Amino acid sequence: MKIAVLGAGAIGCYYGGILAKEHTDVTFIARGRTYERLKHHELVVKSIDGDFSLPVNVIDSERLQGHAAFDYILLAIKSTGIEAAIEELKALMGDGTKIICLLNGIGNEERLAEVFGAERVIGGSAFISIIREAPGIVNHVGDGKLVIGEWQSRAHQDVGLIELEKRLLQAGAAACITSDIKRIKWEKLLWNITYNPLTALTQTRVGTALKDPDLKLLLERVSAEFLNLADKRGIIIREDYKTGLLTPDEAIQNHKTSMLQDFENGQPMELDAILGFVIQTAKQCEVSVPTIETLYHLLCFLERSH
Ligand SMILES: NC(=O)C1=CN([C@@H]2O[C@H](COP(=O)(O)OP(=O)(O)OC[C@H]3O[C@@H](n4cnc5c(N)ncnc54)[C@H](OP(=O)(O)O)[C@@H]3O)[C@@H](O)[C@H]2O)C=CC1
Ligand SMILES: CC(C)(CO)C(=O)C(=O)O
């Protein structure tokens, strides 16, 4: 099985790294400082399950010609970079290559399906927490499952995916295949839309926001607006997922959301995949999401003025 990882950041280095450690043929498609680092040094994965490092295959994303076809491409860029990544994917796709999309938010799999065909797309949601400490050095700080599933079919037709799940499990990564990935993406988005915008705006960690009465009220409003929309769209969010949302464990309370990290690092925030999608869908369904809209516009302003 030949795997390419496009986007050698936190998620890409972690999943690509553990597969490579267990002797899967993995090639990282990286750019700039990450490409230089991985070309000359080992990939370093620090992890609550045990640290490891190893030399890896790496290709410069600016020179993508004449490479052997991959079975799967793990797409692990930020959603703000999807259009540029599509051009690189065109150069990497062989006849049978499929893209496994690990991005937060909704809209990325749909865009990939438009360009490459839904049968080439595997949706994904990673309920894990990884920090990129430096180019080629990542830190796995919070455990969680990787859920993947065919975008077009609910029938588990892709035998390669079953093999990939086996390899991830053997490598010690929690992973499972679902026949319901579109619904799972809504569940992951419930978490991201509840915590990411508000913590980025107020520069707080999850636990701090939950302990503050005003921020807690807003977290509740955002999740209620999202759940109302999901309900109107006929998307079922599991009860245990809903009840656990505002009572996270200690590790998550201490978490700095990826949107806050992006803001602090001067990187674009994933506003459209997390908030824009919800606002658009709410308009189509004639559902009101005033708190979510307010947060979106404040964050757009913040991003412009940063
Ligand atoms: N980190 C986490 O714990 C989790 C992240 N996610 C989601 O996973 C996705 C990836 O996040 P994460 O790994 O944290 O992000 P990072 O910023 O750590 O990694 C993204 C990587 O992609 C690279 N990249 C972006 N565009 C291109 C391109 N066109 N060609 C080559 N390389 C490219 C970036 O390179 P450069 O550094 O040069 O910009 C960077 O190395 C996001 O949607 C995020 O929300 C989901 C669950 C958990
Ligand atoms: C909490 C986490 C890391 C995923 O589990 C996340 O999605 C985020 O911070 O945006």
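It should be emphasised that the depicted structure is a prediction, and the values quoted were computed from it without experimental measurement. What's counted below: heavy atoms across the whole structure, side chains too, no hydrogens, waters or symmetry copies. As the structure lists them, so they are numbered: ligands from 1, and atoms in each ligand from 1. Counting from 1, the numbers follow the sequence of the chain as shown.
Atom 8 (C) of ligand 2 has S258 OG, 3.3 Å as its closest protein atom, hydrogens excluded (heavy atom only). Distance from atom 2 (C) of ligand 1 to its nearest protein heavy atom, with residue and atom name: I130 O, 3.6 Å. For atom 23 (C) of ligand 1, the nearest protein heavy atom (residue, atom name, distance) is G7 CA, 3.7 Å. If you check which protein heavy atom lies closest to atom 19 (O) of ligand 1, you get G9 CA, 3.2 Å. In terms of protein heavy-atom proximity, atom 31 (C) of ligand 1 is nearest to E88 OE1, 3.6 Å. Summary of contacts: the protein heavy atom closest to atom 45 (O) of ligand 1 is E270 OE1, 2.6 Å.
Atoms of ligand 1 found under 4.0 Å from any heavy atom of K188 (numbered from 1 in listed order, with element): 46 (C), 47 (C). Ligand 1 places these atoms under 4.0 Å from at least one heavy atom of L102: 7 (C), 8 (O). Listed by atom number, the atoms of ligand 2 under 4.0 Å from F127 heavy atoms are 5 (O).
Contacts with ligand 1 closer than 4.0 Å are made by backbone heavy atoms (N, CA, C, O) of A8 only, the side chain lying farther away. For A76, every heavy-atom contact with ligand 1 shorter than 4.0 Å involves the backbone, none the side chain. When non-hydrogen atoms are compared, ligand 2 lies under 4.0 Å from the side chain of H255 (C-beta onward) but not from its backbone. Heavy atoms of W191 found under 4.0 angstrom from ligand 2 belong exclusively to the side chain. By the criterion of a heavy-atom distance under 4.0 Å, neither the backbone nor the side chain of Q261 is placed next to ligand 2.
Distances from atom 3 (C) of ligand 2 to the heavy atoms of D143, T199, I128 show the closest one on I128.
At least one heavy atom of A10 sits less than 4.0 Å from an atom of ligand 1. At least one heavy atom of S129 sits closer than 4.0 Å to an atom of ligand 1.
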